[in-house]
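First the proteins, then the strands, lettered A, B, ... as listed; each starts at 1.
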Number of protein chains: 2
Amino acid sequence: MKLNVSPDTIPPRGHEAKRVSIMDAAGKVFCRESFAGANIDMIAAEAGVSRQTIYNHHGDKENLFVAIVRDLTERCNAGIFATISTFPDQPKDLEADLIAFAVRMNRNCVCNRDGKFLRKLIQTEGERYPELFAEWREQGPGRTWPAIAARFARLAHAGFLDIEDPDVAARQFLALANAELQTTFMLGGTPDDDEVLQSATHGVRTFLRAFGKRQQVADAQKHSPPTGA
Amino acid sequence: MKLNVSPDTIPPRGHEAKRVSIMDAAGKVFCRESFAGANIDMIAAEAGVSRQTIYNHHGDKENLFVAIVRDLTERCNAGIFATISTFPDQPKDLEADLIAFAVRMNRNCVCNRDGKFLRKLIQTEGERYPELFAEWREQGPGRTWPAIAARFARLAHAGFLDIEDPDVAARQFLALANAELQTTFMLGGTPDDDEVLQSATHGVRTFLRAFGKRQQVADAQKHSPPTGA
DNA sequence: ACAAATTTAGACACTCTTGTCTAATTCGTC
DNA sequence: GACGAATTAGACAAGAGTGTCTAAATTTGT
């Protein structure tokens with residue numbers, strides 16, 4: 001609603017700070033209390049801002065909510081793509097590298113603050129805002145899953161894995177990496193580093209038992225996956 | 001508030017019918033609207049009952065909510081144990097039998113009405129009622145997962161599978177069986193029979209690639225102890 | 001058919017929340 | 001220091017929801 005002519009004077013200084021702290025607090029409160037249970041005064045207090053300021057910035061509660069979800073979706077997506085870019089395309093130690101990747105994915109995208117908030121909001125309010133969450137579905141899983149699948153396909157093509165359907169494998173990789181965190185996620189908890197590592201380790205081992213190359217049949221005798229030590 | 005002396009005259013007849021229809025409607029509405037978003041008039045209307053009757057039966061909104069969760073937990077647990085009892089202990093066709101089991105588990109326990117409601121309520125209100133959901137955790141995953149693990153352990157002992165840690169395998173089995181339903185669950189949807197079969201088939205195939213007996217490599221074990229590499 | 005228990009509709013007081021408005025104050029900038 | 005924009009506290013009306021109460025209607029067991 002404020003169209004400044006000069007392109008670099010967009011918002012003053014404290015203005016943006018307030019905006020951020022409102023988004024921050026609103027995410028926290030919506031996540032904790034659900035849309036209906038949250039109230040604007042709570043958010044204002046948590047943001048250290050007056051109620052009126054929130055109305056000035058966002059108009060009404062629903063508008064604020066939508067802004068939060070869009071913001072979280074965007075930030076989470078960025079994080080996921082950043083993490084995908086660290087996928088081990090030329091692994092030295094396939095098991096260790098995939099475990100490390102799974103841990104990064106969980107820690108930086110799934111278990112972190114934004115990931116937790118977005119997941120909770122989707123679960124809680126998904127049915128009430130079909131178009132908003134359809135948007136998330138397209139921008140989120142719709143784009144990240146194929147990206148991960150492509151990496152696995154490349155790894156298979158390079159001879160590191162034996163995969164028929166990379167899309168299926170990608171989904172199963174993620175499912176396995178989280179297999180032991182499900183209950184914690186359900187209750188809104190945040191698994192600690194050890195649980196994440198544990199789940200990723202078990203998940204990747206099983207994944208490699210299923211999709212790892214079995215060279216014994218071919219011809220090798222010494223070039224087995226260098227895991228231990 | 002009504003202590004009847006004779007132990008079998010507990011509730012009349014239509015009384016119980018109302019009780020059931022209240023529980024039914026309340027589950028639906030709490031699930032759809034969240035605790036804060038649900039209101040008693042909505043539940044009363046959906047149950048075909050007057051508001052006062054709900055207050056007569058359950059005292060207040062919170063009490064009603066707790067009763068719903070307890071009821072759902074109990075019913076879901078019963079369903080899960082009933083399904084576990086159909087686990088293929090002496091499989092004729094291991095893949096087909098495990099797929100069928102995974103489908104039963106999903107259809108009768110995870111994707112059905114009660115399963116969907118309980119899952120949603122846990123996700124949505126879990127943080128607000130720690131003791132109630134701790135109870136669920138103990139009665140639910142705390143008892144069903146070991147039960148499934150025991151079945152897999154038996155199957156491994158009988159020579160059908162090659163499993164080191166049955167608890168891990170059981171969790172991974174369930175994770176794989178649901179791997180392709182995650183997004184749908186997130187948004188509160190109910191996957192159709194085809195999606196369930198698809199996910200179960202892919203999941204079980206991968207599970208068997210990882211844990212199935214491979215005669216050629218049965219002795220080529222190359223597993224090192226858990227290390228945080 | 002009768003008596004007791006239950007259910008019902010409606011009104012009610014009370015609280016909470018949203019969103020608006022106003023006037024005073026603070027902040028950023030020149 | 002002064003100006004304009006943003007923020008603030010507080011009051012406010014309107015609406016919605018909870019939980020109670022009452023008197024009438026209905027159901028249930030005998």
Side-chain angles (χ1 to χ4, degrees), chain A residues 1-26 28-30 32-68 125 128-129, chain B residues 1-26 28-68 124-125 128-129:
Chain A
M1 281 45 174
K2 24 219 63 136
L3 303 172
N4 291 329
V5 189
S6 41
D8 53 342
T9 325
I10 319 121
R13 181 84 68 242
H15 189 75
E16 196 58 21
K18 302 257 178 215
R19 169 156 258 125
V20 170
S21 98
I22 289 171
M23 297 294 274
D24 211 57
K28 200 190 306 183
V29 174
F30 277 136
R32 194 176 63 223
E33 313 280 347
S34 87
F35 180 80
N39 71 51
I40 302 287
D41 293 300
M42 221 183 275
I43 296 172
E46 199 124 1
V49 150
S50 83
R51 175 174 58 244
Q52 187 58 48
T53 299
I54 294 181
Y55 283 106
N56 287 345
H57 282 230
H58 292 99
D60 69 4
K61 191 181 173 182
E62 188 153 323
N63 236 305
L64 172 59
F65 179 76
V66 171
I68 299 295
E125 314 291 344
R128 195 192 308 284
Y129 296 85
Chain B
M1 277 44 176
K2 27 220 63 137
L3 304 172
N4 291 330
V5 189
S6 42
D8 54 342
T9 325
I10 319 121
R13 181 85 67 241
H15 189 74
E16 196 58 21
K18 302 257 179 216
R19 167 155 260 125
V20 170
S21 101
I22 290 172
M23 297 294 275
D24 211 57
K28 199 191 305 183
V29 174
F30 277 135
C31 176
R32 193 177 62 222
E33 313 280 348
S34 86
F35 179 80
N39 72 50
I40 301 287
D41 292 300
M42 219 183 276
I43 296 171
E46 198 123 0
V49 149
S50 83
R51 176 174 58 243
Q52 186 59 47
T53 300
I54 295 181
Y55 283 106
N56 288 344
H57 282 231
H58 292 98
D60 69 4
K61 192 180 174 183
E62 188 154 324
N63 237 305
L64 172 60
F65 178 76
V66 171
I68 299 294
T124 306
E125 313 292 345
R128 196 192 307 286
Y129 296 84

> Hey, does the side chain of B:Thr53 come within less than 4.0 Å of C:dT6's phosphate (OP1/OP2), counting only N and O?
Replying inline: no
> Which is true for A:Ala38 with a 4.0 Å heavy-atom rule: it touches a base, it touches only sugar-phosphate, or it touches nothing?
Replying inline: sugar-phosphate
> Rounded to the nearest 0.5 Å, how far does CD of A:Glu125 lie from CD of B:Glu33?
Replying inline: 9.5 Å
> At under 4.0 Å, does any side-chain N or O of B:Lys18 touch on OP1 or OP2 of D:dT27?
Replying inline: no
> What is the distance from CD of A:Glu16 to C1' of D:dA5, rounded to the nearest Å?
Replying inline: 16 Å
> How far does CD1 of B:Ile54 sit from CG of B:Asp60, to the nearest 0.5 angstrom?
Replying inline: 12.0 Å
> Quick one: B:Leu64 CG to D:dG17 C1', roughly how many Å, whole number?
Replying inline: 15 Å
> Taking only N and O in the side chain of B:His57, is any of them less than 4.0 Å away from OP1 or OP2 of C:dT6?
Replying inline: no
> Atom CG of B:Asn63 and atom C1' of D:dG19: how far apart are they, to the nearest Å?
Replying inline: 13 Å
> To the side chain of A:Lys61, which of D:dT8, C:dT8, C:dG19 is closest?
Replying inline: C:dG19
> Can you tell me how far P of C:dC12 sits from CD1 of B:Ile40, to the nearest Å?
Replying inline: 22 Å
> What integer distance in Å separates B:Ile54:CD1 from C:dT6:C1'?
Replying inline: 15 Å
>> What's the closest nucleotide to the side chain of B:Asp60 if the choices are D:dT18, D:dG19, D:dT7?
In response: D:dG19
>> How many whole angstroms separate atom CG of A:Asp41 from atom P of D:dG10?
In response: 12 Å
> With a non-hydrogen cut-off below 4.0 angstrom, is B:His58 in contact with a base, only sugar-phosphate, or nothing?
Replying inline: nothing
> Would you call the rings of A:Phe30 and A:Phe35 parallel, tilted or perpendicular if under 30° counts as parallel and over 60° as perpendicular?
Replying inline: parallel
> How long is the span from the NZ atom in B:Lys61 to the CG atom in B:Asn39, to the nearest 0.5 Å?
Replying inline: 7.0 Å
>> If I take atom CZ in residue A:Arg51 and atom C1' in nucleotide C:dC21, what distance separates them, rounded to the nearest angstrom?
In response: 11 Å
>> Reading DNA chain C from 5' onward, which residue's closest nucleotide shows up sooner: A:Gly37 or A:Gly59?
In response: A:Gly37
>> Can you identify which nucleotide, out of D:dT8, D:dT20, C:dT7, has its nearest atom closest to the A:Ser50 side chain?
In response: D:dT8
> Out of C:dT7, D:dT18, C:dT20, which has the shortest distance to the side chain of A:Gln52?
Replying inline: C:dT20
>> I'd like to know whether B:His58 forms a side chain to side chain contact (heavy atoms under 4.5 Å, CB included) with B:Met23, so could you lay out the CA-CA distance, the side-chain angles of the two residues, the decisive distance to 0.1 Å, and finally the verdict.
In response: CA-CA 10 Å; B:His58 292 98; B:Met23 297 294 275; 3.8 Å; yes
> Rounded to the Å, how far apart are A:Phe65 CZ and C:dT18 C1'?
Replying inline: 17 Å
